[in-house]
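In what follows, a structure is listed as C-alpha cells, so that the remarks can point back to it.
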Amino acid sequence: FGSGTTLRSSVGIALSGATGLNLLLLLLVTVGWKWIWSVFPVLDRWVFPDLNGEWKMTIHWQGAGKSGTVPARAHIKQDLLRISMEVFSRDSDSETLVVQPKRDPESGRPILYYVYRVIPKNIGQGGGGSYEGAAILRLSNSRAHGWNGNYFTSRQTLGYFELSR
C-alpha cells in the first residue's frame, strides 16, 4: 500500500472488514430477509413462503379405537436458515425437533417435513408422558395460505393436520 503500512495495520484492516461483513450477513439472515421477501413477493414461489406468525390448526386424530378433532394454535418462527413450530392445544403442547422445508420436485409445491415432541398437560394416571410424532405438510391447493398433511406418532396414533392463517 504505502511505505508506512505494517503487517499489524494490514491485519487490523482485514479483521475489521471481515467483522463488518459478518455483521451484515448476520443481519441479513435474522432480520433483513423479511424486508427482501416483502419487496420481492415472487420469492415465496421461487425459494419458500414466509410462514412466520400464528396459525389456526385443526388436528384430526385416531387411535385405540377412538377418533376426533382438536382445535389448536401453531406458532411458526422462521428466518433464512431455520424454521420452528410450536403447537398449543387444550390437552398438550408440542415443540419442534426437526423441520425441513422442501419443494415437490414435480409440482414445485412447498412441503414441510416436521418432527416434533408432544408434552401432555395432564400427566396423571393414564395420561402418559411425552411422545414423538412426524408429519408431512403441503401447501394447500385450494387455499394459498393453508397447509395440510398426515401425521403419525410413537403412540401408534395417526391423523391429519390442517393449518390456516
Side-chain angles (χ1 to χ4, degrees), residues 24-123 126-165:
L24 180 66
L25 289 173
L26 179 65
L27 185 64
L28 175 66
V29 166
T30 57
V31 180
W33 77 273
K34 282 186 175 187
W35 177 80
I36 293 169
W37 252 248
S38 68
V39 172
F40 302 104
V42 73
L43 291 173
D44 278 350
R45 289 190 313 261
W46 288 354
V47 181
F48 204 79
D50 178 6
L51 304 177
N52 275 299
E54 295 288 324
W55 293 77
K56 287 189 268 180
M57 186 172 188
T58 303
I59 303 169
H60 304 267
W61 61 271
Q62 65 183 44
K66 300 177 186 175
S67 64
T69 60
V70 175
R73 178 177 49 91
H75 182 76
I76 299 178
K77 292 181 187 176
Q78 177 183 4
D79 63 29
L80 197 57
L81 302 176
R82 298 178 300 246
I83 298 176
S84 70
M85 183 163 78
E86 295 177 302
V87 176
F88 307 98
S89 72
R90 182 189 69 233
D91 297 327
S92 64
D93 294 336
S94 76
E95 60 190 11
T96 299
L97 298 176
V98 177
V99 175
Q100 180 67 48
K102 297 255 184 197
R103 286 208 173 264
D104 183 279
E106 299 299 321
S107 69
R109 201 167 137 193
I111 300 172
L112 280 179
Y113 295 93
Y114 172 50
V115 180
Y116 56 93
R117 175 176 295 124
V118 177
I119 300 125
K121 291 180 181 173
N122 178 12
I123 56 171
S130 63
Y131 57 96
E132 288 72 36
I136 300 175
L137 302 172
R138 288 180 165 77
L139 186 65
S140 174
N141 282 332
S142 61
R143 296 186 311 247
H145 297 290
W147 292 81
N148 54 56
N150 296 325
Y151 75 88
F152 63 92
T153 72
S154 60
R155 283 192 173 171
Q156 279 68 47
T157 58
L158 52 95
Y160 187 76
F161 288 147
E162 291 180 301
L163 288 90
S164 61
R165 288 264 186 204

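Using a 4.5 Å heavy-atom threshold, the side chains of T157 and F152 count as separate. Using a 4.5 Å heavy-atom cutoff, the side chains of K121 and D93 are in contact.
For the residue pair R103 and G108, the shortest heavy atom distance occurs at NH1-O, 2.5 Å. When all heavy atoms of G129 and P120 are compared, the closest pair comes out as O-CG, 3.5 Å. Heavy-atom minimum distance, I136 versus R138: CG2-NH1, 3.5 Å.
The CD1 atom of I59 sits 8.5 Å away from atom CG of L163, with the distance rounded to the nearest 0.5 Å. Atom CZ of residue F161 and atom CG of residue N150 lie 10.0 Å apart, to the nearest 0.5 angstrom.
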Ignoring hydrogens and angles, write down the donor-acceptor pairs under 3.5 Å from the side chains of residues 112-119, residues two or more places apart or on other chains.
| from | atom 1 | to | atom 2 | distance (Å) |
| --- | --- | --- | --- | --- |
| Y114 | OH | M85 | O | 3.4 |
| R117 | NE | E132 | OE2 | 3.2 |
| R117 | NH1 | E95 | OE2 | 3.1 |

For residues 62-76, please give each side-chain donor-acceptor pair under 3.5 Å, one per line with the distance, not counting sequence neighbours.
| from | atom 1 | to | atom 2 | distance (Å) |
| --- | --- | --- | --- | --- |
| R73 | NH1 | E54 | OE1 | 3.3 |
| H75 | ND1 | E54 | OE2 | 2.6 |

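Atom CZ of R82 has 12 or fewer heavy atoms from other residues, nucleotides or ligands within 6.0 Å.
For W37, the side chain to side chain donor-acceptor pair (under 3.5 Å) partners at least two apart in sequence or on another chain are D44.
Between W55 and W147, the angle of the ring planes goes over 60°, which puts this pair in the perpendicular group of the 30/60° scheme.
Of the possible donor and acceptor atoms, one in the side chain of Q78 sits under 3.5 Å from a partner among the backbone N and O of L51. Using a distance-only test at 3.5 Å, with no hydrogens or angles considered, no donor-acceptor pair links the side chain of R155 to the main chain of S130.
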